[in-house]
Trainee: 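Take this structure first; my questions come after.
Remember, it's 1-based here, ligands and their atoms both numbered in the order they're listed.
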Amino acid sequence: MQDQPIGIFDSGVGGITILNAIKNLLPNENIIYLSDNFNSPYGEKSNEQINYLSKKNTDWLLSKNCKLIVVACNTATTNSISYLRNLYDINFIGVEPAIKPAALNTKTGSIGVLATKGTLSSQLFNTTSNDYCDNINIIEKNGDGLVELIENGIYSGNELQKLLNKYLQPMIKSNIDHLVLGCTHYPLIKESIEKILPDSVKVLESGEAVAKQTKKILKENNLLNQLKSSKFEFYCNSSTKTLENLLDNRYTINSINYE
Ligand code: DGL
């Protein structure tokens with residue numbers, strides 16, 4: 001079982017930011033990446049719809065013999081990870097907005113969270129935020145429209161800058177010193193985000209934490225790959241263009257008929 005692949009899914013290219021962190025920490029692992037970009041964005045969907053898609057993606061990855069599933073999407077994790085864990089026996093690793101380190105390290109007492117509507121309205125996000133942010137001012141913004149631009153390969157430019165200004169200026173006015181990127185797509189536009197923020201604001205993402213947790217769980221379950229195979233397979237159920245441009249050209253992206 002050790003040389004079976006890790007399965008990773010997201011609603012599009014965002015999960016590549018998680019895949020990269022896992023690849024760095026676990027260079028021996030075989031990985032299968034599923035981009036459900038036909039159903040993107042997940043952020044505006046209901047909890048039931050997100051459960052349905054998360055289960056469908058899991059079934060698909062399990063049909064490819066994956067030994068562990070990484071839900072590389074904050075929206076799917078915060079809405080559906082308990083649902084998935086109740087349904088299957090295998091291990092799931094999720095990604096959640098890094099509000100805990102932001103809350104523990106803030107000096108101004110004010111932190112910003114940029115995430116999808118689905119994440120911000122989820123029970124899991126609200127429980128974590130109540131647990132860690134008691135005396136902290138959290139400014140939450142739904143990054144409406146950002147995932148769509150990123151899925152079209154747009155990481156900079158006027159349209160993006162205009163949206164980011166709308167979301168980030170109120171946070172800057174509230175004197176945040178940490179900005180939590182609560183969507184795996186957003187590290188792809190980190191440069192554009194940092195152009196707007198003062199240098200004093202630290203931008204937090206979750207990739208490294210997810211990779212560490214993946215390693216820990218594989219190790220505990222004696223599932224770390226002992227062979228140096230590191231084979232990668234990428235699957236997309238809509239346009240492959242943005243993923244192709246993001247990855248280096250030694251990888252092929254398979255188009256699948258899966259809605
Ligand atoms: N990458 C997903 C996340 O982390 C994007 C959600 C979406 O498709 O709206 O939340």
Trainee: How close does the nearest protein non-hydrogen atom get to atom 2 (C) of ligand 1, and which residue and atom is it?
Mentor: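 Result for atom 2 (C) of ligand 1: C73 SG, 3.2 Å.
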
Trainee: Any N or O on H185 sitting closer than 3.5 Å to an N or O of ligand 1?
Mentor: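 H185 vs ligand 1: N/O contact under 3.5 Å present.
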
Trainee: Check each atom of ligand 1 against the heavy atoms of T75 and keep those under 4.0 Å away; list them by number with element.
Mentor: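 Per the distance check, 3 (C), 6 (C), 10 (O).
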
Trainee: Using the rule that Ile, Leu, Val, Met, Phe, Trp and Tyr join whenever any side-chain heavy atoms are under 4.5 Å apart, tell me whether I8 and L68 fall into a single cluster.
Mentor: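 Yes, it is one cluster - the side chains of I8 and L68 are joined through contacts under 4.5 Å.
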
Trainee: Please test V203 against E194 for side-chain contact (heavy atoms from CB on, under 4.5 Å), starting from the C-alpha separation and ending with a verdict.
Mentor: CA-CA 8 Å; V203 178; E194 284 175 338; 3.9 Å; yes

Trainee: For G43, counting its heavy atoms only, list the atoms of ligand 1 lying under 4.0 Å from any of them.
Mentor: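 Those atoms are 7 (C), 8 (O), 9 (O).
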
Trainee: Measure from the ring center of F9 to the ring center of W60 and say whether it is less than 6.0 Å.
Mentor: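 Distance test on ring centres: not under 6.0 Å, no.
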
Trainee: Enumerate the atoms of ligand 1 whose separation from the nearest heavy atom of T116 is less than 4.0 angstrom.
Mentor: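 Numbered from 1, ligand 1 contributes 6 (C), 9 (O), 10 (O).
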
Trainee: Y42 heavy atoms, cut-off 4.0 Å: which ligand 1 atoms fall inside?
Mentor: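 Listed by number with element: 7 (C), 8 (O), 9 (O).
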
Trainee: Within the 4.0 Å heavy-atom shell around D10, which atoms of ligand 1 are there?
Mentor: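 Checking each atom against D10, I get 1 (N), 2 (C).
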
Trainee: If two hydrophobic side chains count as joined below 4.5 Å and joins carry through other members, does V180 share a cluster with L168?
Mentor: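 Different clusters.
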
Trainee: Any atoms of ligand 1 less than 4.0 Å from a non-hydrogen atom of S11? List them with their elements.
Mentor: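 So the answer, numbered in order with elements, is 5 (C), 6 (C), 7 (C), 8 (O).
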
Trainee: Examine the side chains of T106 and D177 and answer whether a donor and an acceptor come within less than 3.5 Å of each other.
Mentor: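 D177 and T106 do have a side-chain donor-acceptor pair below 3.5 Å.
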
Trainee: Any salt bridge linking E29 with K67? Criterion: basic side-chain nitrogen under 4.0 Å from a carboxylate oxygen.
Mentor: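 Yes, charged N to carboxylate O under 4.0 Å.
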
Trainee: Using a 4.0 Å cut-off to any heavy atom of P41, which atoms of ligand 1 qualify?
Mentor: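 Going through ligand 1 atom by atom, the ones under 4.0 Å from P41 are 7 (C), 8 (O), 9 (O).
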
Trainee: Decide, yes or no, whether a salt bridge links K216 with E220 under the criterion of side-chain N to carboxylate O below 4.0 Å.
Mentor: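 Salt bridge between K216 and E220, a charged N being under 4.0 Å from a carboxylate O: yes.
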
